[in-house]
Each structure stands twice: as structure tokens, then as C-alpha cells.
Asker: 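First the structure, which I've put down as C-alpha cells, then a few questions once you've had a look.
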Amino acid sequence: MFLLNTSEIEVSTFLLIGIPGLEHAHIWISIPICLMYLTAILGNCIILFVIRTEHSLQEPMYYFLSMLALSDLGLSFSSLPTMLRIFLFNNMGISADACIAQEFFIHGFTDMESSVLLIMSFDRFVAIRNPLRYSSILTSFRVLQIGLAFAIKSILLVLPLPFTLKRLRYCNKRLLSHSYCLHQDVMKLACSDNRVNFYYGLFVALCMMSDSVFIAISYVFILKTVLGIASHGERLKALNTCVSHICAVLIFYVPIITLATMHRFAMHKSPLAMILIADAFLLVPPLMNPIVYCVKTRQIRVKVLEKLALKSK
């Protein structure tokens, strides 16, 4: 850092925080956090391995589930380094470049997961609306095209974020609000004009939230289609195929919406509650998605149990 004038000091290192008031217990808090990361990484790797090795699972629904697992792994590995440094070693410092790189990957994989959840809602609509033409509509090549298109969209959408942050000056303030770097959090530390960052960050957030609107619209059409099915048993069977996806959507969007609502409307925000919800946003979806799909999807559950049984022999 070097002197700019009598009142401004430019900083090149930011400070992350753990859980305020519980700094003395960080080493103990690190145990469940490590277990959650290990479980999330192992669970998503198992999902990918089973889908890759089982020919009976070479279907669009499971290809999209593989994309969800890859997004979850990306989220886990993006936040893992700083979370463990803070809770295991009490190391709060992070260079500006490393922080900007981390926020790029976190926002990129977050948007990618949101996009995959949107694609999966479209997949469920096609499967319920046109079950006989499902495989011909969503061919393997078309699934690959859709996945690549949304991955490229996510990269291009968040690509300007690190460049807009890099052009800012950061003076005096360097304490961030979470255990990892987010665009809006870093942007607030700038002592130069950050209006471009604010408006573009808002645009990215609106793009991601629009996915949730389209998911809701997809389920309106799904419900309309299901209600048109004459047999009560067939209705339940059709809705049951959506349960895992609905759980994944709720697990992903509830922390985001809760955090945004607290930021906007809460008169007396609890810093502890904000930090816990923000940490849950990155920890819970990668942890819970493999569990939900293993429990609620019989084909996945059976194949995972078969693989574990073979390895135990």
C-alpha cells in the first residue's frame, strides 16, 4: 500500500470475516464446515461417476443432473480456500486479485446453477407434456448444445465483473462482510466512482432472478398439463418426477431471496443471521442436491447402492 494524499491509503489486501463473536470457536466450527465440503464433493462426484458409467442413465434428465453436479462442485471449490483458511488457520487476508478472481468464479457458477435449474424445469415440462416424443425432442446432441450455450452465457454474463472491479481504487476500508468475495461486497469498499459496477451488478442479479420467474412459469404449464390427465394415479406419478427438482430449486433460491429481502427490507439486520444465510447459500445446495436426488430418484439410488455394494465386496 502507498500514500495517495493525507487522508487516503490505497489497499491491495482485503480482510474476510468468519462468524463475529465466535472467533474463539472457529477451529470447532471448521469441523462441520469441512464435513459439509467433503460430503458435497464426494456426493457430487458419485453422481457424476454413476451417470457416466451406467448406460441406463444416459438420458437427458441425467445429463442435466450431471450439469447441476458440476455447478455444485464449482461452487464448492470456489469458496473452499477462503472458508478453510479463516476457520482452520484464522487467516483473514486475501489479495485484491485473488478476491476478484474468487468473486468471478462464485458468480459464474451461481449463474450456471440457476441456468441448469431452469433447463431442468423445461426438461420436466417436455417429459410430462410429450412423454412419447421426449427422447426425440431432447437428443444427446441437443442436450450438449443447450448445456454449452448456457455455460457460455454464464461466463459472458459475469466476465465484465472482475474488469469493472479492477478499475476501481480501494482506499482505507478493506473489511468485507463474508468469508468469501462477492461483487457487491468488494464494490462497496471502493473510493472511486462505482456506478458502472452497481448497475451492471444489478443487471446480473436481475438476469439470474429472471431464471426463477421462468421456472415458476414452467411449473404453471406443468400443473396445467398434469390437471389435464384423467387418471389420478398418473397425475401423482407425473408430479412425483418433479419433486427432486422442486427441492433443488427451493434449496438454491430460498437463501438468495431471504438474503436479498433482509438487505432490502429488514430494519434491524442481525449480522450473524446475514452471515449464516450467506454461508448457507454456498454450502447447502452442493451438499443437499446429491442427497435429494439419491433419495427421491429411484434409478440414481439403486445404481449408487449397487456401486457401493460392489466396492464393499
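Here, residue 1 is the first one in the sequence, and each next residue gets the next number.
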Asker: Taking all non-hydrogen atoms of both residues into account, name the closest pair between Leu117 and Ala248 and its distance.
Answerer: CD2-CB, 3.9 Å

Asker: Grab the two heavy atoms, one from Ile19 and one from His26, that are nearest each other, plus how far apart they are.
Answerer: N-NE2, 3.2 Å

Asker: Flag the pair Pro290 / Ile46 as yes when at least one side-chain heavy-atom distance between them is below 4.5 Å, and no otherwise.
Answerer: no

Asker: Indicate, with yes or no, if Tyr170 and Phe163 share a hydrophobic cluster defined by side-chain heavy-atom contacts under 4.5 Å among Ile, Leu, Val, Met, Phe, Trp and Tyr.
Answerer: yes

Asker: Are the side chain of Glu103 and the backbone N or O of Cys99 linked by a donor-acceptor pair below 3.5 Å?
Answerer: no

Asker: Looking at Leu16 and Cys181, what are the two nearest heavy atoms and their distance?
Answerer: CD2-SG, 4.0 Å

Asker: For the hydrophobic clusters of this structure (ILVMFWY residues joined by side-chain heavy atoms under 4.5 Å, transitively), does one cluster hold both Val196 and Leu189?
Answerer: no

Asker: When rounded to the nearest 0.5 angstrom, what distance separates OH in Tyr199 from CG in Asn194?
Answerer: 10.0 Å

Asker: Kindly say whether His183 contributes a backbone atom to a donor-acceptor pair with the side chain of His107 at under 3.5 angstrom?
Answerer: yes

Asker: Can you give me the closest heavy-atom contact between Ile47 and Cys294, atom names plus distance?
Answerer: CD1-SG, 3.9 Å

Asker: Just verifying a value: how many Å separate Thr164 OG1 and Phe198 CZ, rounded to the nearest 0.5 Å?
Answerer: 13.5 Å

Asker: So Ile256 and Met209, side-chain contact (heavy atoms from CB on, under 4.5 Å) or not? Walk me through it.
Answerer: CA-CA 9 Å; Ile256 294 177; Met209 294 311 295; 4.2 Å; yes

Asker: Taking a hydrophobic cluster as the set of Ile, Leu, Val, Met, Phe, Trp and Tyr residues connected by side-chain heavy atoms closer than 4.5 Å, whether directly or through intermediates, do Ile246 and Leu236 fall within one such cluster?
Answerer: no

Asker: Do Val243 and Leu239 have side chains that get closer than 4.5 Å, going by heavy atoms?
Answerer: no

Asker: Would you kindly say whether Tyr253 and Ser114 are connected by a side-chain donor-acceptor distance under 3.5 Å?
Answerer: yes

Asker: Would you indicate whether Lys153, at its atom NZ, is surrounded by more than 12 heavy atoms from other residues, nucleotides or ligands within a distance under 6.0 Å?
Answerer: yes

Asker: So which atom in Val226 and which in Ala238 form the shortest heavy-atom distance, rounded to 0.1 Å?
Answerer: CG2-CB, 4.1 Å

Asker: Phe203 vs Tyr200 aromatic rings, parallel, tilted or perpendicular, using cut-offs 30° and 60°?
Answerer: tilted

Asker: Can a donor-acceptor pair be found between the side chains of Asp123 and Tyr134 at a distance below 3.5 Å?
Answerer: yes

Asker: Can you check side-chain contact (heavy atoms from CB on, under 4.5 Å) on Thr297 and Tyr62, steps first, answer last?
Answerer: CA-CA 10 Å; Thr297 308; Tyr62 302 109; 4.1 Å; yes

Asker: Where the side chain of Gln102 meets the backbone of Tyr180, is there a donor-acceptor pair that is under 3.5 Å apart?
Answerer: no

Asker: What do the steps show when you test Ile31 against Phe87 for side-chain contact (heavy atoms from CB on, under 4.5 Å), and what is the final call?
Answerer: CA-CA 9 Å; Ile31 296 173; Phe87 290 102; over 6 Å; no

Asker: Are Ile41 and Phe77 side-chain neighbours, meaning at least one heavy-atom pair lies under 4.5 Å?
Answerer: yes

Asker: Can a donor-acceptor pair be found, under 3.5 Å and without considering hydrogens, that links the side chain of Thr139 to the backbone of Ser136?
Answerer: no

Asker: Ignoring hydrogens and angles, state whether a donor on the side chain of Ser79 or Tyr37 is under 3.5 Å from an acceptor on the partner side chain.
Answerer: yes

Asker: Let me confirm one number: the CD1-CD1 distance from Ile51 to Ile300, rounded to the nearest 0.5 Å.
Answerer: 4.5 Å

Asker: To the nearest 0.5 angstrom, please state how far the OG1 atom of Thr13 sits from the CZ atom of Arg174.
Answerer: 6.5 Å

Asker: Would you say that Asn44 contacts Pro286 through its side chain, given a criterion of any heavy-atom pair below 4.5 Å between the two side chains?
Answerer: yes

Asker: Would you say Ile106 and Leu206 are hydrophobically clustered, going by side-chain heavy atoms of ILVMFWY under 4.5 Å?
Answerer: no

Asker: Hey, are the side chains of Ile291 and Val295 touching, using non-hydrogen atoms and a 4.5 Å cut-off?
Answerer: yes

Asker: Whether the side chain of Ser121 engages the backbone of Leu118 through a donor-acceptor N/O pair (distance < 3.5 Å, no angle test) should be reported.
Answerer: yes

Asker: Would you confirm whether Arg169, through its side chain, and Cys191, through its main-chain N or O, come within 3.5 Å as a donor-acceptor pair?
Answerer: no

Asker: So, do Phe49 and Cys45 sit near enough that their side-chain heavy atoms are less than 4.5 Å apart?
Answerer: no

Asker: For residues Leu88 and Ile27, report the shortest heavy-atom separation together with the two atoms involved.
Answerer: O-CD1, 3.8 Å

Asker: Which distance, rounded to the nearest 0.5 Å, do you find between the CG of Leu38 and the OG of Ser76?
Answerer: 10.0 Å

Asker: Between atom CG of Leu35 and atom CG of Leu42, what is the distance when rounded to the nearest 0.5 Å?
Answerer: 12.0 Å

Asker: Under 3.5 Å, side chain of Asn289 to main-chain N/O of Pro285, donor-acceptor pair present?
Answerer: yes

Asker: Classify the side-chain pair Ser135/Glu59 by whether it contains a donor and acceptor separated by less than 3.5 Å.
Answerer: no

Asker: Any donor and acceptor pair, going by atom type alone, linking the side chain of Arg235 with main-chain N or O of Gly228 inside 3.5 Å?
Answerer: no

Asker: Side chain of Ser95, backbone of Ala98: donor and acceptor closer than 3.5 Å?
Answerer: yes

Asker: With side chains defined as the heavy atoms from C-beta onward, is the minimum distance between Val204 and Asp111 less than 4.5 Å?
Answerer: no

Asker: Is there a donor-acceptor pair closer than 3.5 Å between any side-chain N or O of Asp185 and the backbone N or O of Ser177?
Answerer: yes

Asker: Heavy atoms, side chains only, cut-off 4.5 Å: are Arg85 and Asn90 in contact?
Answerer: no

Asker: Are Phe125 and Tyr219, when compared by the centres of their aromatic rings, separated by less than 6.0 Å?
Answerer: no

Asker: Side chains of Asn197 and Gln184: donor-acceptor distance under 3.5 Å anywhere?
Answerer: no

Asker: If Ile, Leu, Val, Met, Phe, Trp and Tyr residues are connected whenever their side-chain heavy atoms lie under 4.5 Å apart, and connections chain through other members, are Met36 and Trp28 in the same group?
Answerer: yes

Asker: Please test Arg52 against Leu48 for side-chain contact (heavy atoms from CB on, under 4.5 Å), starting from the C-alpha separation and ending with a verdict.
Answerer: CA-CA 6 Å; Arg52 175 69 178 83; Leu48 289 171; 6.0 Å; no

